[in-house]
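What follows is a single structure, written as structure tokens, with notes after it.
Everything numeric here is computed off the predicted structure, so don't read it as measured data.
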Amino acid sequence: MTPAELATVVHGAVVAGVAAGDFAGTPPDAVVVERPKNREHGDYATNVALRMAKSAGRPAREVAEAIAARLRQFDGIAGVDVAGPGFLNITLAADSLGMIAQAIVEAADGYGRSDALAGRKVNLEFVSANPTGPVHLGHTRWAAIGDSLHRILEAAGAEVAAEHYINDFGSQMTKFGASLYAVARGRPVPEDGYHGDYVADVAKAVLAERPDLLDLPEDDAVAVCTGLGEELMLRSIRESLSRFRVEFEVWFSERSMHSSGKVDDALTRLREQGHVYDADGAVWLRTTDFGDDKDRVLVRSNGEKTYFAADAAYYLDKRGRGFDTCVYMLGADHHGYVGRLRAIVACAGDDPDLTLEVLIGQLVKLVRAGEEVRLSKRAGTIVTLDDFVDLVGVDAGRYSLARWSADTPLTLDIAEITRRSNDNPVYYVQYAHARTRNARRNAEQFGIGLDVFAPELLTSPYEAALLTALGDFPAVVATAAELRAPHRIARYLEDLAGTYHRWYDHCRIAPQGDDPVTDLNRTRAWVNEATRVVLANGLRLLGVHAPDRM
RNA sequence: GCCCCCGUAGCUCAGCCGGAUAGAGCAAGCGACUUCUAAUCGCUAGGCCGCAGGUUCGAGUCCUGCCGGGGGCGCCA
């Protein structure tokens, strides 16, 4: 019996109890059963009686007793205790609990998927690195979290598109082109230009493709630098992200919205909604109507449209493409933008609380031996995604970034996250997976396959602990999706790996010495395989490899 | 001044819709390798959940105020 099935059974008992007049009250829409922290409290616990007590007008313990009496009638439930203020502690029969293993093996890759977010069309925008420089460590945190979220939301049934916005319009691009040109000419980079060794690399690449560059009039040459520089930079950004196993469905160009007239359309639309006004020669959006602390400029007095205008157009474009939830993942240094974004949404006639979600990620630092790592050959003062992957690898890098809540400012110690031992959670979880594979290979030597399944033999408390942990996975994925919190997957996997290792130490799969192969051995092979499935599915959601051997 | 995030064990952090005796890893100490790969496991020790109020059967969790730390407040993108 899975926890979801048990929840249905308990709910049924509550409804039946009310119908039969055991106690009064309104049954809740759904019942939650959870794994108690303390194993002595049974396999599962529920607080439904505590929640019912008020409407029943009776002490929670009395309600609990009445529900318990009904549950005890149920096949597959071995025991029900009323504890504390009115908790119901439920112990399942071994065969009933053991069925989880078979269900998981049969569901295979599909185990953990749900329809919790079915029908939702979610747009996930993250990284959105400017094509004027490499992907840096701040982006990298979002690359890991955003891509995992992509996978998790899909597992929860949502239709998801990951998008990378390209700021390829405006003065920053021109500055980049001018910087490239300066370097190509052997002149110093302008004060407000782009610095770092990568600028020289890109300039060299531009020269290689356009040997005539220096013969062109300066304006034309800068334009060539801007165009080619952007192309090269974008290609390198894609390569870096792809190497980090991060893929986007859509690379969305800001410039394309200007040239196609979408920005003008958006301005018209906002004007029609009555939130646009002209002042000081500029065009403004009255974002203060919606909680912003000051109004924002859409078109500057020199006629140029702002980044903000493009963002309004981008939001409208997303909505036009049918997304009902638009998620923006921003660094903490951009949180001031949230108010403006909400105002755009409100000015467009949407409810920001419904269609807009802004996730703010706190800053990341990398330290080595207690010193912050800043030395980047490529970018001068920042650590790039490529530097990071070179230092720690993709698996350790992704896992280390994804296992922390985005709300936590993060300091990663290089020595700690690359250490190949049990104090490194990445390897702890990966090793557990490798161990399941090895145990399976070993069992096969004894002729143990997945044929006989006798769950009533799974009576060890270590099996109960493992089986209930395995049963939690779908709920963990659904919660991670709902809370946009990939770190919950990682924490769950660490817990599961520990539970598996303990089980492995106490419950042999293959027989020892000359002992004969028993049905218990064969049944444990299912438990082992179910664990492998969950570890593999969980690691896949984090974009981390599940190795066969370590 | 205003806004966002954080404050939980020596350290780094989990803690979902408020629920039972607040958890994990590391670090410290002790123990288990003739192993299903010890990249593992067992045990010990470690807590005014920043402070003060409030809400209620019940608060680490929700509300208010304060203290401490980090970040942000352009006709830049």
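- Between A:Val48 and A:Pro28 there is a side-chain heavy-atom pair separated by less than 4.5 Å.
- Looking at heavy-atom distances under 4.0 Å, A:Thr408 makes contact with sugar-phosphate atoms alone, never a base.
- At least one side-chain heavy atom of A:Trp404 sits less than 4.5 Å from a side-chain heavy atom of A:Arg141.
- Residue contacts shown for A:Ser405 are limited to sugar-phosphate atoms, with no base heavy atom under 4.0 Å away.
- Contact annotation: A:Arg300 side-chain N/O to B:C76 OP1/OP2 distance is under 4.0 Å.
- Between the CG atom of A:Leu401 and the P atom of B:C13 there is a distance of 13 Å, rounded to whole Å.
- Side chain of A:Thr408 to main chain of A:Gln362: no donor-acceptor pair is present (N/O by atom type, distance under 3.5 Å, no hydrogens or angles).
- Both A:Thr306 and A:His487 lie near RNA chain B, and the one whose nearest nucleotide falls closer to the 5' end is A:His487.
- Contacts of A:Phe169 with the nucleic acid, taken as non-hydrogen atoms under 4.0 Å apart, involve only primed sugar atoms and P, OP1 or OP2.
- Residue contacts shown for A:Asp495 are absent, as no nucleic acid heavy atom lies under 4.0 Å away.
- For A:Asn89 (side chain) and A:Ala45 (main-chain N/O), no donor-acceptor pair under 3.5 Å exists by modelled atom type.
- The side chain of A:Ser301 sits closest to B:C75 out of B:C75, B:U12, B:C17.
- Taking atom P on both nucleotides, B:C43 is separated from B:C49 by 26 Å, rounded to a whole Å.
- Straight-line distance from the NE2 atom of A:His335 to the P atom of B:A77: 20 Å, rounded to whole Å.
- Regarding A:Asp333, its CG atom lies at a distance of 18 Å from the P atom of B:C76, rounded to whole Å.
- Looking only at side-chain heavy atoms (C-beta outward), A:Leu234 and A:Asp168 stay at 4.5 Å or farther from each other.
- Along RNA chain B, the nucleotide nearest A:Asp280 and the nucleotide nearest A:Ala439 are compared for position; the residue whose nucleotide lies closer to the 5' end is A:Ala439.
- In this model, the phosphate group of B:G74 is not approached by any side-chain N or O of A:Tyr337 to a distance below 4.0 Å at OP1 or OP2.
- Using a distance-only test at 3.5 Å, with no hydrogens or angles considered, a donor-acceptor pair links the side chain of A:Asn521 to the main chain of A:Thr518.
- If you check every strand for non-hydrogen atoms under 4.0 Å, A:Ala83 touches a base.
- Across the protein-nucleic acid pair, A:Arg340 atom CZ and B:C73 atom P stand 8 Å apart, rounded to whole Å.
- Of the listed nucleotides (B:A20, B:A77, B:U40), B:U40 has the atom at the smallest distance from the side chain of A:His501.
- Under the 6.0 Å cut-off for aromatic ring centres, A:Tyr328 and A:His334 do not qualify, their centroids lying 6.0 Å or more apart.
- In the set B:U40, B:C75, B:C76, the nucleotide with an atom closest to the side chain of A:Tyr428 is B:U40.
- Within the 4.0 Å cut-off from OP1 or OP2 of B:G42, at least one side-chain nitrogen or oxygen of A:Arg502 is found.
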Show, in sequence, the C-alpha distance, side-chain angles and deciding distance for A:Arg271 and A:Asp264, and conclude whether the salt bridge (charged side-chain N to carboxylate O under 4.0 Å, His left out) test is met. CA-CA 10 Å; A:Arg271 207 179 266 279; A:Asp264 291 326; over 6 Å; no
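- Contact check, A:Arg488 against B:C13: no side-chain N or O comes under 4.0 Å of OP1 or OP2.
- At the phosphate of B:A77, neither OP1 nor OP2 sits under 4.0 Å from any side-chain N or O atom of A:Lys175.
- Nucleic acid contact class of A:Val476 (heavy atoms, under 4.0 Å, all strands): none.
- Residue A:Asn130 is in sugar-phosphate contact alone, with no base atom involved, counting any heavy-atom pair closer than 4.0 Å across all strands shown.
- Residue contacts shown for A:Glu34 include a base, since a base heavy atom lies under 4.0 Å away.
- When heavy atoms are screened at a 4.0 angstrom cut-off, A:Ile509 is found touching base atoms of the nucleic acid.
- Contacts of A:Ala45 with the nucleic acid, taken as non-hydrogen atoms under 4.0 Å apart, include base atoms.
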Treat a base pair as Watson-Crick or G-U wobble with both distances under 3.5 Å, then lay out RNA chain B in dot-bracket form, 5' to 3', with | for cross-strand pairs. (((((((..((((.....[...)))).(((((.......))))).....(((((..]....))))))))))))....
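- Side chain of A:Tyr431, nearest nucleotide from B:A77, B:C5, B:U40: B:U40.
- As a whole-Å value, the separation of A:His506 NE2 from B:A32 P is 16 Å.
- Remark: A:Arg342 CZ to A:Cys347 SG distance equals 12.0 Å, nearest 0.5 Å.
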